[in-house]
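Just so you know, these numbers come straight off a predicted model, no measurement behind them. In what follows, chains carry the letters A, B, and so on, assigned in the order in which the sequence lines appear, proteins first and then strands, with residues in each chain numbered from 1.
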Number of protein chains: 2
Amino acid sequence: MAKTAVRKTVERQTGVALWRQIADRIRLAISNGDYDTTGMVPPETALAQEFGVNRHTVRSALAALADEGLVRAVQGRGTLIERKERVTYQISRRTRFSQGLGRQVKEIGSRLLGHDQVPASGEIATALGLAPGALLVELHTVSSGDGRPLSAAVSYFPADRFPRMAEEYARLGSVTKVFSAHGLDDYVRASTEIVARHADAEELALLELSPGAIVLEAHAVNADLEGRPVEFSRTRFAADRMKLRIET
Amino acid sequence: MAKTAVRKTVERQTGVALWRQIADRIRLAISNGDYDTTGMVPPETALAQEFGVNRHTVRSALAALADEGLVRAVQGRGTLIERKERVTYQISRRTRFSQGLGRQVKEIGSRLLGHDQVPASGEIATALGLAPGALLVELHTVSSGDGRPLSAAVSYFPADRFPRMAEEYARLGSVTKVFSAHGLDDYVRASTEIVARHADAEELALLELSPGAIVLEAHAVNADLEGRPVEFSRTRFAADRMKLRIET
DNA sequence: CCTAAATGTCTATTGATCTAGACAACTATA
DNA sequence: TATAGTTGTCTAGATCAATAGACATTTAGG
(Lines give C-alpha, C1' and ligand atoms only; values in the text may rest on other atoms or scores of the structure.)
Protein backbone atom coordinates (compact mmCIF):
# COMPACT_ATOMS: atom_id res chain seq x y z
CA MET A 1 0.00 0.00 0.00
CA ALA A 2 1.37 3.38 -0.98
CA LYS A 3 1.63 5.84 1.85
CA THR A 4 0.23 8.91 0.18
CA ALA A 5 -2.60 7.67 -1.98
CA VAL A 6 -4.54 5.62 0.57
CA ARG A 7 -8.17 6.52 0.29
CA LYS A 8 -9.83 6.06 3.68
CA THR A 9 -13.47 5.27 3.27
CA VAL A 10 -16.32 7.07 4.90
CA GLU A 11 -19.91 6.06 4.31
CA ARG A 12 -22.69 8.32 3.18
CA GLN A 13 -26.36 8.37 4.10
CA THR A 14 -25.86 6.33 7.22
CA GLY A 15 -27.30 8.76 9.73
CA VAL A 16 -23.79 9.64 10.84
CA ALA A 17 -22.54 12.85 9.28
CA LEU A 18 -19.31 12.62 7.33
CA TRP A 19 -17.65 15.25 9.48
CA ARG A 20 -18.35 13.16 12.57
CA GLN A 21 -17.07 9.95 11.00
CA ILE A 22 -13.92 11.78 9.99
CA ALA A 23 -13.54 13.30 13.46
CA ASP A 24 -13.77 9.80 14.95
CA ARG A 25 -11.16 8.47 12.55
CA ILE A 26 -8.74 11.32 13.23
CA ARG A 27 -9.21 10.96 16.97
CA LEU A 28 -8.35 7.29 16.65
CA ALA A 29 -5.32 8.03 14.48
CA ILE A 30 -4.10 10.54 17.05
CA SER A 31 -4.39 8.09 19.91
CA ASN A 32 -2.67 5.44 17.77
CA GLY A 33 0.26 7.80 17.42
CA ASP A 34 -0.03 7.99 13.63
CA TYR A 35 0.95 11.66 13.62
CA ASP A 36 3.65 11.51 16.27
CA THR A 37 6.49 12.40 13.91
CA THR A 38 5.11 15.86 13.26
CA GLY A 39 2.90 16.39 16.29
CA MET A 40 0.38 17.77 13.85
CA VAL A 41 -2.65 16.57 11.97
CA PRO A 42 -2.08 16.52 8.18
CA PRO A 43 -3.20 19.67 6.32
CA GLU A 44 -6.89 20.06 5.65
CA THR A 45 -6.43 19.65 1.92
CA ALA A 46 -4.54 16.39 2.41
CA LEU A 47 -7.21 15.04 4.74
CA ALA A 48 -9.93 16.09 2.34
CA GLN A 49 -8.26 14.11 -0.43
CA GLU A 50 -7.59 11.16 1.85
CA PHE A 51 -11.24 10.86 2.84
CA GLY A 52 -12.57 11.92 -0.53
CA VAL A 53 -14.56 14.86 0.80
CA ASN A 54 -14.58 18.60 0.55
CA ARG A 55 -12.17 20.61 2.64
CA HIS A 56 -15.07 22.25 4.50
CA THR A 57 -16.21 18.86 5.70
CA VAL A 58 -12.77 18.17 7.12
CA ARG A 59 -12.86 21.57 8.77
CA SER A 60 -16.09 20.64 10.56
CA ALA A 61 -14.41 17.48 11.83
CA LEU A 62 -11.34 19.38 13.05
CA ALA A 63 -13.57 22.00 14.68
CA ALA A 64 -15.26 19.24 16.67
CA LEU A 65 -11.88 17.87 17.79
CA ALA A 66 -10.74 21.38 18.71
CA ASP A 67 -13.92 21.68 20.78
CA GLU A 68 -12.87 18.58 22.66
CA GLY A 69 -9.51 20.15 23.29
CA LEU A 70 -7.76 17.44 21.34
CA VAL A 71 -6.24 19.67 18.66
CA ARG A 72 -5.62 23.37 18.15
CA ALA A 73 -5.56 25.00 14.73
CA VAL A 74 -2.99 27.72 14.10
CA GLN A 75 -3.46 29.81 11.01
CA GLY A 76 -0.52 29.54 8.70
CA ARG A 77 1.10 26.64 10.52
CA GLY A 78 -1.32 23.76 10.81
CA THR A 79 -3.40 21.88 13.33
CA LEU A 80 -1.45 20.91 16.41
CA ILE A 81 -2.18 17.89 18.56
CA GLU A 82 -2.76 18.93 22.14
CA ARG A 83 -3.51 15.61 23.82
CA LYS A 84 -3.22 12.03 22.70
CA GLU A 85 -3.09 9.66 25.63
CA ARG A 86 -5.56 7.00 26.41
CA VAL A 87 -5.50 6.11 30.06
CA THR A 88 -5.13 2.40 30.74
CA TYR A 89 -7.39 1.00 33.41
CA GLN A 90 -6.16 -2.29 34.74
CA ILE A 91 -8.60 -5.02 35.75
CA SER A 92 -7.18 -7.79 37.85
CA ARG A 93 -7.99 -9.60 41.06
CA ARG A 94 -6.63 -6.59 42.92
CA THR A 95 -8.32 -3.85 40.96
CA ARG A 96 -8.21 -0.50 42.75
CA PHE A 97 -9.38 2.53 40.90
CA SER A 98 -6.78 5.09 41.84
CA GLN A 99 -3.80 2.78 41.91
CA GLY A 100 -3.39 1.85 38.27
CA LEU A 101 -4.07 5.37 37.15
CA GLY A 102 -1.45 6.80 39.47
CA ARG A 103 1.41 7.12 37.04
CA GLN A 104 -0.67 7.99 34.02
CA VAL A 105 -2.35 11.12 35.30
CA LYS A 106 -1.02 13.78 37.60
CA GLU A 107 -4.22 14.47 39.47
CA ILE A 108 -7.10 12.10 40.20
CA GLY A 109 -10.49 13.52 41.15
CA SER A 110 -13.48 11.78 42.67
CA ARG A 111 -16.79 13.53 43.02
CA LEU A 112 -19.78 12.18 44.93
CA LEU A 113 -22.85 13.21 42.98
CA GLY A 114 -25.39 11.75 45.35
CA HIS A 115 -26.35 8.78 47.45
CA ASP A 116 -29.42 6.87 48.51
CA GLN A 117 -30.69 3.82 50.35
CA VAL A 118 -32.44 1.36 48.06
CA PRO A 119 -33.72 -2.20 48.31
CA ALA A 120 -31.73 -4.81 46.38
CA SER A 121 -33.38 -5.94 43.18
CA GLY A 122 -32.81 -8.53 40.46
CA GLU A 123 -29.32 -8.47 39.02
CA ILE A 124 -27.80 -6.62 41.96
CA ALA A 125 -29.30 -8.86 44.63
CA THR A 126 -28.03 -11.91 42.74
CA ALA A 127 -24.56 -10.46 42.28
CA LEU A 128 -24.25 -9.56 45.96
CA GLY A 129 -25.83 -12.82 47.13
CA LEU A 130 -28.53 -10.98 49.06
CA ALA A 131 -32.24 -11.57 49.42
CA PRO A 132 -34.30 -9.26 47.21
CA GLY A 133 -35.31 -6.26 49.28
CA ALA A 134 -32.19 -6.17 51.44
CA LEU A 135 -31.08 -2.60 52.01
CA LEU A 136 -28.24 -1.18 49.96
CA VAL A 137 -26.31 2.04 49.99
CA GLU A 138 -26.22 3.50 46.49
CA LEU A 139 -23.41 5.87 45.51
CA HIS A 140 -23.21 7.99 42.36
CA THR A 141 -19.71 9.13 41.57
CA VAL A 142 -17.67 10.63 38.77
CA SER A 143 -13.92 10.17 38.56
CA SER A 144 -11.54 12.22 36.51
CA GLY A 145 -7.88 12.39 35.61
CA ASP A 146 -6.21 15.75 35.14
CA GLY A 147 -9.60 17.39 35.01
CA ARG A 148 -11.09 15.18 32.29
CA PRO A 149 -13.90 12.91 33.42
CA LEU A 150 -12.92 9.29 32.90
CA SER A 151 -15.76 7.32 34.44
CA ALA A 152 -19.17 7.61 36.01
CA ALA A 153 -20.17 4.91 38.45
CA VAL A 154 -23.15 3.74 40.45
CA SER A 155 -22.04 1.49 43.31
CA TYR A 156 -24.05 -0.62 45.74
CA PHE A 157 -22.98 -1.79 49.16
CA PRO A 158 -24.85 -3.89 51.76
CA ALA A 159 -26.24 -1.29 54.15
CA ASP A 160 -25.96 -3.50 57.23
CA ARG A 161 -22.24 -3.96 56.76
CA PHE A 162 -21.36 -0.46 55.55
CA PRO A 163 -24.02 1.77 57.13
CA ARG A 164 -22.06 5.01 56.86
CA MET A 165 -20.73 4.40 53.35
CA ALA A 166 -21.97 7.65 51.83
CA GLU A 167 -20.76 9.96 54.59
CA GLU A 168 -17.39 8.26 54.77
CA TYR A 169 -16.94 8.34 51.03
CA ALA A 170 -17.69 12.04 50.97
CA ARG A 171 -14.98 12.48 53.59
CA LEU A 172 -12.35 10.02 52.35
CA GLY A 173 -12.95 10.10 48.59
CA SER A 174 -12.15 6.44 48.05
CA VAL A 175 -14.08 3.21 48.44
CA THR A 176 -10.95 1.37 49.48
CA LYS A 177 -10.45 3.76 52.38
CA VAL A 178 -14.07 3.44 53.49
CA PHE A 179 -13.78 -0.35 53.45
CA SER A 180 -10.69 0.03 55.58
CA ALA A 181 -12.54 2.28 58.02
CA HIS A 182 -15.20 -0.43 58.32
CA GLY A 183 -12.59 -3.00 59.17
CA LEU A 184 -12.28 -4.52 55.71
CA ASP A 185 -8.63 -4.26 54.82
CA ASP A 186 -8.52 -6.35 51.70
CA TYR A 187 -10.89 -7.31 48.94
CA VAL A 188 -10.70 -8.81 45.45
CA ARG A 189 -12.46 -8.44 42.15
CA ALA A 190 -14.71 -11.45 41.64
CA SER A 191 -16.03 -10.78 38.16
CA THR A 192 -16.40 -8.07 35.56
CA GLU A 193 -18.76 -7.86 32.61
CA ILE A 194 -18.20 -5.38 29.84
CA VAL A 195 -20.41 -4.04 27.11
CA ALA A 196 -19.84 -1.15 24.74
CA ARG A 197 -22.64 1.11 23.57
CA HIS A 198 -23.48 4.67 22.66
CA ALA A 199 -23.62 7.10 25.54
CA ASP A 200 -27.03 8.36 26.58
CA ALA A 201 -27.77 11.99 27.35
CA GLU A 202 -26.95 11.68 31.05
CA GLU A 203 -23.59 10.11 30.31
CA LEU A 204 -22.76 12.72 27.70
CA ALA A 205 -23.23 15.34 30.38
CA LEU A 206 -21.44 13.54 33.22
CA LEU A 207 -18.45 12.55 31.12
CA GLU A 208 -18.37 15.72 28.99
CA LEU A 209 -18.60 13.73 25.78
CA SER A 210 -19.73 14.76 22.37
CA PRO A 211 -22.89 13.06 21.11
CA GLY A 212 -22.41 9.76 19.35
CA ALA A 213 -19.61 8.94 21.76
CA ILE A 214 -19.07 5.47 23.12
CA VAL A 215 -19.06 4.26 26.71
CA LEU A 216 -17.65 1.04 28.07
CA GLU A 217 -19.98 -0.17 30.78
CA ALA A 218 -18.46 -2.55 33.31
CA HIS A 219 -20.48 -4.43 35.91
CA ALA A 220 -18.12 -5.53 38.64
CA VAL A 221 -18.44 -7.49 41.84
CA ASN A 222 -15.88 -7.10 44.61
CA ALA A 223 -15.72 -9.60 47.44
CA ASP A 224 -13.88 -9.91 50.73
CA LEU A 225 -11.29 -12.62 51.23
CA GLU A 226 -13.96 -15.06 52.43
CA GLY A 227 -15.70 -14.62 49.10
CA ARG A 228 -18.62 -12.58 50.45
CA PRO A 229 -19.56 -9.87 47.94
CA VAL A 230 -19.12 -6.37 49.34
CA GLU A 231 -19.75 -4.18 46.31
CA PHE A 232 -21.57 -4.19 43.03
CA SER A 233 -20.67 -1.38 40.67
CA ARG A 234 -21.82 -0.21 37.27
CA THR A 235 -19.05 1.94 35.84
CA ARG A 236 -19.26 3.76 32.56
CA PHE A 237 -15.91 4.70 31.05
CA ALA A 238 -15.44 7.33 28.37
CA ALA A 239 -14.29 4.90 25.70
CA ASP A 240 -12.12 7.27 23.72
CA ARG A 241 -10.11 8.24 26.79
CA MET A 242 -9.65 4.75 28.19
CA LYS A 243 -8.21 1.37 27.45
CA LEU A 244 -9.00 -1.58 29.69
CA ARG A 245 -6.24 -4.01 30.44
CA ILE A 246 -7.05 -7.42 31.84
CA GLU A 247 -4.48 -9.46 33.69
CA THR A 248 -5.44 -13.09 34.02
CA MET B 1 -40.26 8.98 37.77
CA ALA B 2 -43.60 8.47 36.09
CA LYS B 3 -43.64 5.59 33.66
CA THR B 4 -45.52 7.18 30.79
CA ALA B 5 -44.35 10.75 30.61
CA VAL B 6 -40.59 10.24 30.58
CA ARG B 7 -39.09 12.34 27.83
CA LYS B 8 -35.96 10.63 26.56
CA THR B 9 -33.54 13.16 25.22
CA VAL B 10 -31.93 13.07 21.82
CA GLU B 11 -29.50 15.74 20.75
CA ARG B 12 -29.71 17.81 17.62
CA GLN B 13 -26.96 19.14 15.38
CA THR B 14 -24.42 16.67 16.62
CA GLY B 15 -23.54 15.00 13.35
CA VAL B 16 -25.54 11.95 14.35
CA ALA B 17 -28.99 11.91 12.76
CA LEU B 18 -31.91 11.73 15.16
CA TRP B 19 -33.20 8.54 13.58
CA ARG B 20 -29.88 6.83 14.25
CA GLN B 21 -29.71 8.02 17.86
CA ILE B 22 -33.22 6.71 18.37
CA ALA B 23 -32.40 3.41 16.68
CA ASP B 24 -29.44 3.00 19.03
CA ARG B 25 -31.60 3.72 22.07
CA ILE B 26 -34.31 1.29 21.02
CA ARG B 27 -31.74 -1.41 20.27
CA LEU B 28 -30.34 -0.94 23.75
CA ALA B 29 -33.81 -1.03 25.32
CA ILE B 30 -34.57 -4.26 23.50
CA SER B 31 -31.37 -5.92 24.69
CA ASN B 32 -32.09 -4.67 28.23
CA GLY B 33 -35.42 -6.46 28.08
CA ASP B 34 -37.44 -3.28 28.54
CA TYR B 35 -40.15 -4.50 26.17
CA ASP B 36 -40.23 -8.12 27.27
CA THR B 37 -43.77 -7.99 28.66
CA THR B 38 -45.29 -7.33 25.24
CA GLY B 39 -42.58 -8.64 22.95
CA MET B 40 -43.18 -5.51 20.93
CA VAL B 41 -41.71 -2.08 20.56
CA PRO B 42 -44.10 0.69 21.69
CA PRO B 43 -46.26 2.21 18.94
CA GLU B 44 -44.61 4.74 16.66
CA THR B 45 -46.73 7.59 17.99
CA ALA B 46 -45.74 6.76 21.57
CA LEU B 47 -42.05 6.61 20.66
CA ALA B 48 -42.33 9.87 18.75
CA GLN B 49 -43.73 11.56 21.84
CA GLU B 50 -41.20 9.90 24.13
CA PHE B 51 -38.28 11.20 22.08
CA GLY B 52 -39.93 14.47 21.16
CA VAL B 53 -39.66 13.94 17.42
CA ASN B 54 -41.92 13.44 14.47
CA ARG B 55 -43.38 10.03 13.82
CA HIS B 56 -41.54 9.80 10.50
CA THR B 57 -38.24 10.12 12.30
CA VAL B 58 -39.15 7.18 14.52
CA ARG B 59 -40.12 5.24 11.41
CA SER B 60 -36.64 5.78 9.97
CA ALA B 61 -35.16 4.41 13.18
CA LEU B 62 -37.41 1.35 13.16
CA ALA B 63 -36.67 0.77 9.48
CA ALA B 64 -32.97 0.63 10.32
CA LEU B 65 -33.61 -1.90 13.09
CA ALA B 66 -35.81 -3.95 10.75
CA ASP B 67 -32.91 -3.91 8.29
CA GLU B 68 -30.72 -5.43 10.98
CA GLY B 69 -33.34 -8.12 11.49
CA LEU B 70 -33.91 -7.00 15.06
CA VAL B 71 -37.60 -6.10 14.68
CA ARG B 72 -40.38 -6.72 12.18
CA ALA B 73 -43.25 -4.30 11.61
CA VAL B 74 -46.70 -5.75 11.04
CA GLN B 75 -49.30 -3.38 9.71
CA GLY B 76 -52.23 -3.05 12.06
CA ARG B 77 -50.53 -4.86 14.95
CA GLY B 78 -47.27 -3.23 15.82
CA THR B 79 -43.54 -3.77 15.62
CA LEU B 80 -42.47 -7.18 16.87
CA ILE B 81 -39.11 -7.95 18.43
CA GLU B 82 -37.34 -10.72 16.55
CA ARG B 83 -34.04 -11.05 18.40
CA LYS B 84 -32.67 -9.69 21.64
CA GLU B 85 -29.79 -11.77 22.93
CA ARG B 86 -26.26 -10.67 23.50
CA VAL B 87 -23.69 -13.43 23.47
CA THR B 88 -21.32 -13.49 26.44
CA TYR B 89 -17.67 -14.03 25.64
CA GLN B 90 -15.67 -15.14 28.63
CA ILE B 91 -12.10 -14.01 29.16
CA SER B 92 -10.09 -15.94 31.69
CA ARG B 93 -6.71 -17.64 31.94
CA ARG B 94 -8.19 -20.49 29.92
CA THR B 95 -9.94 -18.50 27.24
CA ARG B 96 -10.94 -20.66 24.25
CA PHE B 97 -13.11 -19.10 21.62
CA SER B 98 -15.57 -21.88 20.90
CA GLN B 99 -15.90 -23.21 24.40
CA GLY B 100 -17.66 -20.39 26.21
CA LEU B 101 -19.98 -19.77 23.30
CA GLY B 102 -21.00 -23.40 23.14
CA ARG B 103 -24.24 -23.22 25.08
CA GLN B 104 -25.28 -19.79 23.87
CA VAL B 105 -25.40 -20.45 20.16
CA LYS B 106 -26.40 -23.56 18.31
CA GLU B 107 -23.88 -23.32 15.52
CA ILE B 108 -20.43 -21.78 15.55
CA GLY B 109 -18.76 -20.84 12.30
CA SER B 110 -15.13 -19.98 11.60
CA ARG B 111 -14.03 -18.67 8.27
CA LEU B 112 -10.43 -18.19 7.16
CA LEU B 113 -10.36 -15.07 5.02
CA GLY B 114 -6.69 -15.19 4.18
CA HIS B 115 -3.20 -15.70 5.51
CA ASP B 116 0.29 -14.37 5.00
CA GLN B 117 3.86 -14.48 6.25
CA VAL B 118 5.01 -11.18 7.69
CA PRO B 119 7.97 -9.91 9.70
CA ALA B 120 7.23 -9.01 13.33
CA SER B 121 7.02 -5.30 13.99
CA GLY B 122 6.65 -2.99 16.98
CA GLU B 123 3.79 -3.88 19.24
CA ILE B 124 3.50 -7.45 18.00
CA ALA B 125 7.19 -8.25 18.32
CA THR B 126 7.17 -6.89 21.86
CA ALA B 127 4.06 -8.83 22.81
CA LEU B 128 5.47 -12.09 21.46
CA GLY B 129 8.93 -11.46 22.86
CA LEU B 130 10.52 -11.75 19.42
CA ALA B 131 13.21 -9.79 17.67
CA PRO B 132 11.79 -7.29 15.17
CA GLY B 133 11.81 -8.95 11.78
CA ALA B 134 11.18 -12.49 13.00
CA LEU B 135 8.79 -14.30 10.70
CA LEU B 136 5.13 -14.60 11.69
CA VAL B 137 2.16 -16.39 10.26
CA GLU B 138 -0.74 -13.96 9.95
CA LEU B 139 -4.31 -15.29 9.91
CA HIS B 140 -7.44 -13.34 9.07
CA THR B 141 -10.60 -14.96 10.36
CA VAL B 142 -14.24 -14.22 10.98
CA SER B 143 -16.27 -16.15 13.54
CA SER B 144 -20.02 -16.29 13.74
CA GLY B 145 -22.74 -17.73 15.91
CA ASP B 146 -25.93 -19.00 14.33
CA GLY B 147 -25.04 -17.24 11.12
CA ARG B 148 -24.40 -13.79 12.61
CA PRO B 149 -20.80 -12.61 12.54
CA LEU B 150 -19.56 -12.06 16.08
CA SER B 151 -15.90 -11.24 15.65
CA ALA B 152 -13.18 -10.58 13.11
CA ALA B 153 -9.65 -11.39 14.12
CA VAL B 154 -6.10 -11.01 12.88
CA SER B 155 -3.79 -13.47 14.65
CA TYR B 156 -0.01 -13.79 14.60
CA PHE B 157 2.01 -16.90 15.38
CA PRO B 158 5.79 -17.46 15.37
CA ALA B 159 6.43 -19.06 11.97
CA ASP B 160 9.32 -21.20 13.18
CA ARG B 161 7.19 -22.89 15.78
CA PHE B 162 3.94 -23.17 13.80
CA PRO B 163 5.06 -23.30 10.17
CA ARG B 164 1.89 -24.89 8.82
CA MET B 165 -0.52 -22.75 10.84
CA ALA B 166 -2.58 -21.48 7.92
CA GLU B 167 -3.03 -24.83 6.17
CA GLU B 168 -3.88 -26.59 9.42
CA TYR B 169 -6.33 -23.91 10.46
CA ALA B 170 -8.10 -24.17 7.12
CA ARG B 171 -8.42 -27.91 7.75
CA LEU B 172 -9.22 -27.95 11.47
CA GLY B 173 -11.07 -24.64 11.90
CA SER B 174 -9.69 -23.95 15.36
CA VAL B 175 -6.46 -22.50 16.71
CA THR B 176 -6.62 -24.77 19.73
CA LYS B 177 -6.63 -27.84 17.47
CA VAL B 178 -3.73 -26.53 15.40
CA PHE B 179 -1.72 -25.92 18.56
CA SER B 180 -2.50 -29.47 19.56
CA ALA B 181 -1.35 -30.78 16.16
CA HIS B 182 1.95 -28.93 16.70
CA GLY B 183 2.41 -30.61 20.04
CA LEU B 184 1.14 -27.74 22.18
CA ASP B 185 -1.62 -29.21 24.29
CA ASP B 186 -2.25 -26.38 26.68
CA TYR B 187 -1.89 -22.63 26.70
CA VAL B 188 -3.10 -19.70 28.77
CA ARG B 189 -4.19 -16.13 28.22
CA ALA B 190 -1.41 -13.83 29.41
CA SER B 191 -3.04 -10.45 28.91
CA THR B 192 -5.89 -8.71 27.15
CA GLU B 193 -6.34 -5.07 26.30
CA ILE B 194 -9.68 -3.69 25.29
CA VAL B 195 -10.73 -0.50 23.58
CA ALA B 196 -14.09 0.47 22.15
CA ARG B 197 -14.45 2.56 19.03
CA HIS B 198 -16.55 3.07 15.94
CA ALA B 199 -16.26 0.39 13.31
CA ASP B 200 -14.41 1.28 10.13
CA ALA B 201 -15.64 0.40 6.66
CA GLU B 202 -13.85 -2.96 6.55
CA GLU B 203 -15.32 -4.00 9.89
CA LEU B 204 -18.80 -2.92 8.87
CA ALA B 205 -18.54 -5.30 5.94
CA LEU B 206 -16.92 -8.23 7.76
CA LEU B 207 -19.26 -8.11 10.73
CA GLU B 208 -22.36 -7.09 8.76
CA LEU B 209 -22.89 -4.01 10.90
CA SER B 210 -24.78 -0.85 10.19
CA PRO B 211 -22.66 2.30 9.98
CA GLY B 212 -22.02 4.07 13.25
CA ALA B 213 -21.81 0.69 14.98
CA ILE B 214 -19.32 -0.01 17.73
CA VAL B 215 -16.57 -2.60 17.89
CA LEU B 216 -14.75 -3.87 20.94
CA GLU B 217 -11.14 -4.41 19.96
CA ALA B 218 -9.21 -6.84 22.12
CA HIS B 219 -5.44 -7.35 21.87
CA ALA B 220 -4.63 -10.65 23.45
CA VAL B 221 -1.47 -12.62 24.11
CA ASN B 222 -1.59 -16.37 24.65
CA ALA B 223 1.39 -18.20 26.07
CA ASP B 224 2.38 -21.80 26.61
CA LEU B 225 2.75 -23.16 30.14
CA GLU B 226 6.39 -22.09 30.25
CA GLY B 227 5.26 -18.54 29.64
CA ARG B 228 6.52 -18.32 26.07
CA PRO B 229 4.05 -16.32 23.97
CA VAL B 230 2.55 -18.37 21.16
CA GLU B 231 -0.09 -16.04 19.76
CA PHE B 232 -0.91 -12.38 19.45
CA SER B 233 -4.42 -11.60 18.28
CA ARG B 234 -6.36 -8.47 17.46
CA THR B 235 -10.03 -9.39 17.68
CA ARG B 236 -12.85 -7.01 16.88
CA PHE B 237 -16.19 -7.96 18.39
CA ALA B 238 -19.53 -6.63 17.18
CA ALA B 239 -20.30 -4.71 20.35
CA ASP B 240 -24.07 -4.84 20.17
CA ARG B 241 -24.05 -8.63 19.88
CA MET B 242 -21.49 -9.32 22.57
CA LYS B 243 -20.78 -8.92 26.22
CA LEU B 244 -17.32 -9.65 27.60
CA ARG B 245 -17.08 -11.39 30.93
CA ILE B 246 -13.82 -11.35 32.83
CA GLU B 247 -13.08 -13.93 35.51
CA THR B 248 -10.21 -12.96 37.74
C1' DC C 1 10.92 40.51 1.67
C1' DC C 2 8.80 37.41 -1.27
C1' DT C 3 6.57 33.06 -1.71
C1' DA C 4 4.59 28.65 -0.61
C1' DA C 5 1.75 26.49 2.45
C1' DA C 6 -1.38 26.47 5.69
C1' DT C 7 -5.84 27.99 8.17
C1' DG C 8 -9.98 31.48 8.17
C1' DT C 9 -14.13 33.40 6.02
C1' DC C 10 -17.64 34.19 2.76
C1' DT C 11 -21.28 33.05 -0.86
C1' DA C 12 -24.10 29.90 -3.45
C1' DT C 13 -26.06 25.45 -4.52
C1' DT C 14 -27.42 20.64 -3.90
C1' DG C 15 -28.91 16.71 -1.35
C1' DA C 16 -30.17 14.53 3.22
C1' DT C 17 -32.75 14.94 7.34
C1' DC C 18 -36.71 16.37 9.97
C1' DT C 19 -41.27 18.25 10.52
C1' DA C 20 -46.25 18.52 9.46
C1' DG C 21 -50.51 16.88 8.03
C1' DA C 22 -53.68 13.83 5.71
C1' DC C 23 -55.31 9.57 4.56
C1' DA C 24 -55.01 4.51 3.27
C1' DA C 25 -54.58 -0.30 4.83
C1' DC C 26 -54.50 -3.71 8.13
C1' DT C 27 -55.44 -6.12 12.87
C1' DA C 28 -57.74 -7.19 16.94
C1' DT C 29 -61.67 -6.85 19.66
C1' DA C 30 -66.00 -5.41 21.60
C1' DT D 1 -69.37 -5.47 11.67
C1' DA D 2 -68.10 -1.21 13.50
C1' DT D 3 -64.32 0.89 15.83
C1' DA D 4 -59.98 1.99 17.94
C1' DG D 5 -55.33 1.38 17.33
C1' DT D 6 -51.71 0.50 14.58
C1' DT D 7 -48.40 0.62 10.42
C1' DG D 8 -47.90 2.30 5.32
C1' DT D 9 -47.70 6.03 1.92
C1' DC D 10 -47.82 10.46 -0.03
C1' DT D 11 -46.95 15.60 -0.40
C1' DA D 12 -44.79 19.90 0.95
C1' DG D 13 -41.75 22.79 3.36
C1' DA D 14 -37.85 23.85 6.73
C1' DT D 15 -33.36 22.93 8.44
C1' DC D 16 -28.89 20.66 8.38
C1' DA D 17 -24.91 18.57 5.88
C1' DA D 18 -21.88 18.63 2.05
C1' DT D 19 -19.91 20.52 -2.18
C1' DA D 20 -17.71 24.18 -4.89
C1' DG D 21 -15.06 28.13 -5.57
C1' DA D 22 -12.84 32.46 -4.37
C1' DC D 23 -10.08 35.08 -1.61
C1' DA D 24 -8.11 36.78 2.97
C1' DT D 25 -4.81 36.03 6.67
C1' DT D 26 -1.03 34.03 9.01
C1' DT D 27 3.37 31.45 9.35
C1' DA D 28 7.80 29.57 8.03
C1' DG D 29 11.64 29.58 5.12
C1' DG D 30 14.62 30.72 1.28
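- At least one donor-acceptor pair closer than 3.5 Å links the side chain of A/R83 to the backbone N or O of A/E68.
- One can place CZ of B/R20 at 15 Å from P of D/dA17, the figure rounded to the nearest angstrom.
- Here the side chain of B/E44 is nearest to one of D/dT7, C/dC18, D/dA18, namely D/dT7.
- Contact check on B/R236 versus B/E217 returns no salt bridge, with no Lys/Arg side-chain nitrogen under 4.0 Å from an Asp/Glu carboxylate oxygen.
- Atom CG in A/L80 sits roughly 12 Å away from atom C1' in C/dA6 (whole-Å rounding).
- A donor-acceptor pair is defined here as one N or O able to donate and one able to accept, closer than 3.5 Å; such a pair exists between the side chain of B/N54 and the backbone of B/H56.
- Atom CD1 of B/I22 and atom C1' of C/dT19 are 12 Å apart (whole Å).
- No option in A/R25, A/R86, A/R27 other than A/R27 meets the salt bridge (Lys or Arg N to Asp or Glu O under 4.0 Å) test with A/D240.
- Residue A/R59 places its side chain closer to C/dG8 than to any other of D/dT6, C/dG8, C/dC18.
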Pairs: protein N or O with nucleotides 23-28 of chain D N or O, under 3.5 Å:
unit_1: D/dT25; atom_1: O2; unit_2: A/Q75; atom_2: NE2; d: 2.5
unit_1: D/dA28; atom_1: OP1; unit_2: A/R77; atom_2: NE; d: 3.2

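- You'll find a donor-acceptor pair under 3.5 Å spanning the side chain of B/H56 and the base of C/dG21, going by distance alone.
- When atom types are taken as modelled, the side chain of B/S233 and the backbone of B/T235 share no donor-acceptor pair closer than 3.5 angstrom.
- Ionic pairing of B/E44 and B/R59 is present here: one or more N-O contacts between side-chain nitrogen and carboxylate oxygen are shorter than 4.0 angstrom.
- Looking at heavy-atom distances under 4.0 Å, B/T45 makes no contact with the nucleic acid at all.
- Mapping A/M40 and A/V16 onto DNA chain C by nearest heavy atom places A/M40 closer to the 5' end of the strand.
- Straight-line distance from the CD atom of B/Q49 to the C1' atom of C/dT19: 16 Å, rounded to whole Å.
- Where the helix from C/dC1-D/dG30 to C/dA30-D/dT1 starts and where it ends, the local axes point in directions that differ by 30°; five pairs per end, rounded to 10°.
- Side-chain contact annotation: A/E123 with A/H219, donor-acceptor N/O pair under 3.5 Å present.
- Nearest nucleotide to the side chain of B/N54, out of D/dT19, C/dT17, C/dA20: C/dA20.
- Going from atom CD of A/Q21 over to atom P of D/dA17 covers 13 Å, rounded to whole Å.
- Counting only distance, with no hydrogens or angles, the side chain of A/T57 and the backbone of A/V53 share no donor-acceptor pair below 3.5 Å.
- Using modelled atom types, no side-chain atom of A/Q117 and backbone atom of A/E138 make a donor-acceptor pair closer than 3.5 Å.
- Minimum heavy-atom separation, B/A238 to B/L207: N-CD1, 4.1 Å.
- Comparing D/dA18, C/dT17, C/dG8 against the side chain of A/L18 picks out D/dA18 as the nearest.
- Using a 4.0 Å cut-off, no side-chain N or O of B/S60 falls inside it from OP1 or OP2 of C/dC18.
- Under 4.0 angstrom from either OP1 or OP2 of D/dT6 there lies no side-chain N or O belonging to B/T79.
- Between the CG atom of A/L62 and the P atom of D/dA18 there is a distance of 14 Å, rounded to whole Å.
- The CZ atom of B/R72 sits 15 Å away from the C1' atom of D/dT6 (whole-angstrom rounding).
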